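Small disclaimer: the values here were computed from a predicted structure and weren't measured.
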Amino acid sequence: MASRFQEASLVTSPSYPNAVAWSSENLIAVAAGHLVIIINPALPSGPRGLITISDAEPYQIGRVRSQDLLTGGLLPSSLKRERNPCVRSLSWSEIGMSPNHGCLLAVCTAEGRVKLYRPPYSDFCAEWIEIVDVSKMLYENLSSMNFGESNNPSTSLSKDQLVEHHHEDDERISSLKARKRRKTSANNINLHEKNYTDRASCSKQDSQAEHNVLEIEVYKQASNGQDCHSLPKALKKCSQEISPETYVSREALLSSLSVAWSSLLRFSSESSSSENMLRFSLLAIGSKSGSVSIWKVHAPECYHIERTNVSPMVELHAIIQAHSSWVSTMSWGIFGCDSSNPQVVLVTGSCDGSVKIWMSNNEDLQKSVDVYKSSFFLLKQVVAVNPVQVSTLSFVVSNHYNAMHLAIGKGSGSFEVWKCEISTRKFEQIVSTNAHNQVVTGLAWSYDGRCLYSCSQDNYVLNWILCENTISEVPIPANTPGLSSTTDLPDDFLSCLGVALSPGNLAVALVRNFNVELLNPMYQARSQKAAVEFLWNGAQQSGESEDSSETVTEAILGFSKNEFAYWESNFLWSLKEFKDLNKPLVLWDMIAAMLAFKQSMPEFVELVLTKWLSVSYLGFHADISMEDLVPKITKCFSAVPSRLLHILNVISRRVMLSELKTEEINRKLQGQRTNDEEEIDLWLKLLEESERELRERLVGLSFSAYLLAESSQGTLSPSSWNWRPAGLAQLQQWVEINRDIVHSQLETLSVEVKSSLTRSSNSTETSLEEEKCPYCAAPVNFHSAEEAFCESPHQKKKKSKDKERCDQSHKLERCCVSMQVCPPTPLWFCKCCNRMTLELAPDTLFALPSFPSDLKSLPKSSFSKVASKPFCLFCGVLLQRKQPEFLLSASPV
């Protein structure tokens, strides 16, 4: 049995499948009863985020007569409710959707409400912030369209029909009416005051009502998390009378069951004169009516860490009648990312056992069409209607196989795997197996669709390998690379309700419920209802044979030779995947595994890194030592992409120099070294050269952007520029100090920029040559790109307790991008190198394939098409607002 390397206990237990989700910024969300618990896998026992699900009031959808309570499906749909609030489904957006460039979390409750939440990056609290009530927007849209119904007599009750039913001689209904009148007059109870968690459309018999009409409560939802203090406690009158069938139909449309985010879609907007990229993500919401509403959630135009009252623009794009029964699960996919018109795929599963695949393209998604005339069309119904409901789905577009892989989990414990060749779009079933004895509660593909994890309510977790058109079960390795659980968490689990993979695919998260009856009722059963377990996935056979090093020739520390080969292969695969610029640089799982191996077998880590460096930087596998490899690598830094330099910097700091604190590494990079550090001097030199290369690229882009803007005056409007350089005076001084080692282009551009600034009489950049201390207004001279000290011409002496003391100069931090002195305001912070950023680097820097051969010939689109994103100049990881230690924050490294 696989052994966990860490775990996190939960105070509440999940109730529905797919109860765990892993975000692309390295946060884990668990749907645990009435709470959503958000965990940082780097600190599983540390601070956590929370979303508390409260009671929801019903929407006004009409009123029906009291004698119709027993007709159709009105009684079970209106009165039989969940007694406690509960999270039914959740899904993370892609990185870049939150105002701070993080992820948004969509939460669907058992009451059928869907809301979007953002992290409290500037609120200093553990509770996540509600920003959009999607269910309220859906209700408003459907109400404006009369719920898509035609105005015919069948959808509402006429006056004649009401009178006829009023005089109907039905003893059972009359008896029901009499009992309701007596109960109302005697106790004067308002139904909405009862303490039910899921408040349905309640009824009250109006003694003065002429036609004995059942009134449905109406309450307005509070937006942006505000309290509804003005809600009336009396039932509101409804102006529209509807039939029971219509009421059931409308309620099913508003009752959501599942949510799923698509990846972030990017394309040029034809209507935008500034040629900005239009970016949005699609949010799919499945309902009890079998329909799927698809929402466009637009990404922010700019990112910040101070403003808190910013909500994303959300619009209803389409409503698809996907199934005839409940839509229980959904999954998104996209293929053709490199083409001009990629295809978007949505897979939907229903409680009637059917699974359908829908498709649209980017061009159709841009068009504004009627919500009932969707751009999505049915590509394939892979599974027909059958008695076994679909409980979970996992869909992936595999670049390795050039195919789409679909895994379908069912309530019977079986699951199916389907494969579709992208070129032919023909689906074939690979396997259908009765893998589990109870409901399949989670499926997750790893390693580009070559491995599949399945978990079930029977508490079993299985691993499967897909090879060509066959799939086979393989054991989950029991060994961990030097890490083991240190807590006393019991192993008395009852069921497993979800599985998720880390961004690098090297770790697996499982959420399990405890068998409370077997726990100690005093010390365990009260506080430990469930747990999140973490397993290593690096030793999994990935399904393809790669050339592995022959250095490890025997089993060491309980690892077999094959396990070492699998770890090496998966390390290199994960590093290769992060070359994709659309994939956020989140290396936590890789760094954690390498640090574990470094403690027990450091030569294996050096072996893997030597192979990666030689292949990535030199283009071939050089079987040489690291001492001989480093000089060769540093010579070719100018010819490698910026992303490779960022990965190297993160690994150098967090793995090879892990014995040193971050501040100590930064001091050593500034020249404060000793002579007794031969072991780490090699990696310090590599890190120093890599960071200098990135800084030179930034300085070159800054000079080029300024000169291009000056030469284009009158032809380009200032609004068309999303990035303009700052701190030109400081950048020039840095080039002057390092003129012996920087590229020759930078010296030439620096002279041109200085001349241009001198000619510009109204230039604002000249004022930056003399900086002031933000605390004492003393002048600040430029000596280093990292820090500065204010220099007062005379130091004031003060007396304190009969002793004289001199006011020392203030130590100031410089922005790592503009090299300007940072003000005492909230700044962007890098959790890898601990540097502060005031101005963001241009997005072009992170996409450079090499140092530009001619910086002056860069196209204007390099600075006008893309907005700046908060990534660290030196590490490439997502910048954040620095949080106190007692609050949750994501850890990309």
Side-chain angles (χ1 to χ4, degrees), residues 17-18 20-24 89-94 106 257-265 281-286 292 294 320 322-323 327-337 342-350 353-361 376-383 389-410 414-422 424-432 440-455 464 466 469 471 498-501 503 505 543 582-583:
N18 305 307
V20 62
W22 206 320
S23 76
S24 56
S89 174
L90 49 76
S91 177
W92 287 104
S93 74
E94 191 173 316
L257 295 172
S258 55
V259 290
W261 282 97
S262 76
S263 57
L264 190 60
L265 305 176
S281 183
L282 298 176
L283 175 64
I285 302 177
V292 176
I294 299 176
I320 306 172
H323 301 272
V327 180
S328 55
T329 179
M330 296 176 294
S331 182
W332 285 96
I334 182 170
F335 63 88
C337 299
Q343 306 293 313
V344 181
V345 180
L346 173 64
V347 185
T348 60
S350 173
S354 62
V355 177
K356 297 181 181 180
I357 300 179
W358 309 83
M359 180 177 289
S360 181
N361 54 52
F376 285 84
F377 61 91
L378 182 61
L379 177 65
K380 176 71 174 179
Q381 180 171 342
V382 293
V383 180
Q389 69 177 10
V390 177
S391 58
T392 182
L393 291 172
S394 183
F395 180 72
V396 65
V397 179
S398 174
N399 297 319
H400 175 75
Y401 292 105
N402 194 28
M404 296 181 287
H405 293 167
L406 172 63
I408 305 170
K410 298 187 176 184
S414 65
F415 73 85
E416 301 177 6
V417 176
W418 292 73
K419 181 179 179 181
C420 172
E421 300 290 339
I422 294 179
T424 61
R425 297 186 183 178
K426 291 184 178 180
F427 287 84
E428 62 174 333
Q429 182 179 354
I430 296 179
V431 68
S432 177
V440 178
T441 55
L443 292 168
W445 290 102
S446 65
Y447 297 121
D448 200 25
R450 287 175 285 170
C451 301
L452 177 67
Y453 277 92
S454 66
C455 66
W464 309 81
L466 179 64
N469 288 332
I471 189 169
V499 57
L501 272 296
N505 280 203
N582 293 324
K583 189 177 180 65

Taking atom types as modelled, find out whether Asn505 and Ser446 have a side-chain donor-acceptor pair closer than 3.5 angstrom.
-> no
Those residues that, when tested against Ala21, pass side-chain contact (heavy atoms from CB on, under 4.5 Å) (two or more places apart) | Leu90, Trp92
Residue list, side chain to side chain donor-acceptor pair (under 3.5 Å) with Ser350, at least two apart or on another chain = Asp352
For Trp418, the ring pair (Phe, Tyr, Trp, His ring centres under 6.0 Å) test, sequence neighbours excluded, returns none
Partner set under ring pair (Phe, Tyr, Trp, His ring centres under 6.0 Å) for Tyr453, not counting sequence neighbours | none
Could you note down all residue pairs passing salt bridge (Lys or Arg N to Asp or Glu O under 4.0 Å) where residues 400-410 supplies at least one of them, sequence neighbours left out?
-> Lys410-Glu416
State which residues pass side chain to side chain donor-acceptor pair (under 3.5 Å) with Trp22; sequence neighbours excluded, sorted by chain then number.
-> Asn26
Is there side-chain contact between Leu466 and Leu452, with at least one heavy-atom pair below 4.5 Å?
-> no
How about Trp445 and Val417: do any of their side-chain heavy atoms sit closer than 4.5 Å?
-> yes
His405: partners by side chain to side chain donor-acceptor pair (under 3.5 Å), with sequence neighbours left out = none
For Ser414, which residues count as a side chain to side chain donor-acceptor pair (under 3.5 Å) partner, sequence neighbours excluded?
-> Ser412
Sequence neighbours excluded, which residues qualify as side-chain contact (heavy atoms from CB on, under 4.5 Å) partners of Leu282?
-> Ser262, Leu265, Phe280, Ile294, Lys296, Trp332, Val344, Leu365, Phe376
Could you tell me which residues satisfy side-chain contact (heavy atoms from CB on, under 4.5 Å) with Ser331, sequence neighbours excluded, listed by chain and number?
-> Leu393, Phe395
Those residues at least two apart in sequence (or on a different chain) that pass side-chain contact (heavy atoms from CB on, under 4.5 Å) with Glu421 are Ala403, Lys419, Ser423, Thr424
